[in-house]
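The sequence lines fix the lettering, A, B, ..., with proteins before strands; numbering per chain opens at 1.
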Number of protein chains: 2
Amino acid sequence: MAQKNKLQFVILGLLNQQPLTGYDLTKAFDHEIGEFWQAQHSQVYPQLKRLEEQGYITHEITISGEKLEKKLYHITTTGQAILTTWITAGTPELTATKDEFILKLYFIRTSRDPRLPEMLSEQLQLHSEKLQHLQARLTTVFPTKKSQTENFGHYLILQHALGRENYYVTWLQETLAALPHKA
Amino acid sequence: MAQKNKLQFVILGLLNQQPLTGYDLTKAFDHEIGEFWQAQHSQVYPQLKRLEEQGYITHEITISGEKLEKKLYHITTTGQAILTTWITAGTPELTATKDEFILKLYFIRTSRDPRLPEMLSEQLQLHSEKLQHLQARLTTVFPTKKSQTENFGHYLILQHALGRENYYVTWLQETLAALPHKA
DNA sequence: TTAAAACATGTAATGAATGACACGTTTTAA
DNA sequence: TTAAAACGTGTCATTCATTACATGTTTTAA
């Protein structure tokens, strides 16, 4: 089933919170939800068209300034039903990750490979930055207990992503430290 | 750069260990390397053709039984150079994961959502199975210290995947346990 | 002995995703 | 005032990936 077009559900989910334009949705993939899902505007606009054809969303045109037309999309009752069905259905397929660094590691034969230290260090740097970014996000977006309960799912997955990165960084550090020293 | 065709490097990497047929390669994506990379035979055969056209691999035909022709592919010196270049180059892009379950969680608003317990339980079940599978793989494929040093990269990433699943399972358990009880 | 499973190699259709192309408006800051 | 950045909406070409189509051989186990 390819990917079963999950993009449609992300869009429905976001529109279920508030009406948005294609541009707004695209921005969301760079910001809030960007840690967990990504899409370019060249995917968003055609998908909005399809969702509207199916009757899951509608749009109204608003004018910004003199003549800039914005299409503000709303979810329909049908759309909400589709969204609920998707969320409520099971999720029995685990996502297979394709991590290029991990793939490269697979082809390293010995612990004495001279490329290993730099490879691991580079990833340590990258994942440390990501970890710090997530830490900052978590404290910015969810500073209070109240904010955490108000958007519980988002809080959960941010916190989950943080833990995942934390594990990655720890693993890289331990692996680096365990490498044999130069003979 | 889309995906920069990493499949070609996986194939080169596997052929660098030993000559293989397209069928062998496809099987490898179900077994050894399947935890870390996946591809169907419909991707493998065309890719082999392209790699041969580029001069990175060659093939010899062997006959199995009476008349079944097998194409056994070998990596060339050029292919080895390409492979080394890829491994040695930096890997500055972190892979953005698209986990459908995580995506669904994003749209759960409150910790009292009645769907949360089943959703988390289902994932706990799935990730526990995966964890056990990885544990079994690790002890089967790398039973001795010697075997670990002989295929160090593979050992590292299996162990890494194990740790990752272990974190996922722990997180699911903790999250489940922290859910509010029915009022 | 015979049927199923595994071996073996390909192509075609379709869908998902990226990057480039294309155009125009509004706001903001130098 | 004017140029850059951000806003805003779309298409097109290409690549990546899955599923289905297509065909045949060899081995294994009932």
Atom-pair distance (NZ on Lys4(B); P on dC16(D)), nearest Å: 11 Å
Here the distance between atom P of dA13(C) and atom CD of Gln40(B), to the nearest Å, is 19 Å
Would you say Lys98(A) and Thr95(B) are linked by a side-chain donor-acceptor pair, where the criterion is simply a distance under 3.5 Å? no
Base-pairing mate for dA30(C) - Watson-Crick or G-U, with both contacts under 3.5 Å: dT1(D)
Name the residue closer to the 5' end of DNA chain D, choosing between His41(B) and Leu68(B) according to the nucleotide with the nearest heavy atom. His41(B)
Below 4.0 Å: OP1/OP2 of dA8(C) and any side-chain N or O of Lys67(B): no
Length of the line joining Tyr45(A):OH and dG24(C):P, which is rounded to integer Å: 16 Å
Is the distance from OP1 or OP2 of dT26(C) to the nearest side-chain N or O of Lys70(A) less than 4.0 Å? no
Think Tyr23(B) has a side-chain N or O under 4.0 angstrom from the OP1 or OP2 of dT9(C)? no
Output the rounded distance in Å from CH2 (Trp37(A)) to P (dA16(C)). 11 Å
Return the value, rounded to whole Å, for the distance between atom CZ of Phe29(A) and atom P of dG8(D). 17 Å
Does dC16(D) have OP1 or OP2 under 4.0 Å away from a side-chain N or O of Gln43(B)? no
Phosphate OP1/OP2 of dT11(C) contacted by Lys49(B) side-chain N/O (<4.0 Å): yes
Just to confirm, is there a sub-4.0 Å distance from OP1 or OP2 of dC7(C) to any side-chain nitrogen or oxygen of Thr21(B)? no
side-chain N/O Lys98(B) vs dA16(C) OP1/OP2, d < 4.0 Å: no
Round to the nearest Å and state the distance from Asp24(A) atom CG to dG10(D) atom P. 13 Å
Quiz item: Ser42(B) side-chain donor-acceptor pair to dT19(D) base, under 3.5 Å: yes
Figure out the CD/C1' separation between Gln38(B) and dT19(D), and round it to whole Å. 16 Å
Value in whole Å for how far the P atom of dG10(D) lies from CZ of Arg50(A): 13 Å
Would Lys49(B) and Glu53(B) satisfy salt bridge (charged side-chain N to carboxylate O under 4.0 Å, His left out), going step by step from the backbone distance to the final call? CA-CA 6 Å; Lys49(B) 205 163 134 191; Glu53(B) 280 163 11; 5.4 Å; no
Using heavy atoms to find the nearest nucleotide of DNA chain C for Lys27(B) and Pro46(B) separately, return the residue whose nucleotide is more 5′. Lys27(B)
Taking atom types as modelled, find out whether Gln159(A) and Trp171(B) have a side-chain donor-acceptor pair closer than 3.5 angstrom. yes
Under 30°, 30 to 60°, or over 60°: which ring-plane class applies to Tyr106(B) and His154(A), parallel, tilted or perpendicular? tilted
Taking atom types as modelled, is there a side-chain donor on Asn5(A) or Gln47(A) under 3.5 Å from an acceptor on the other? yes
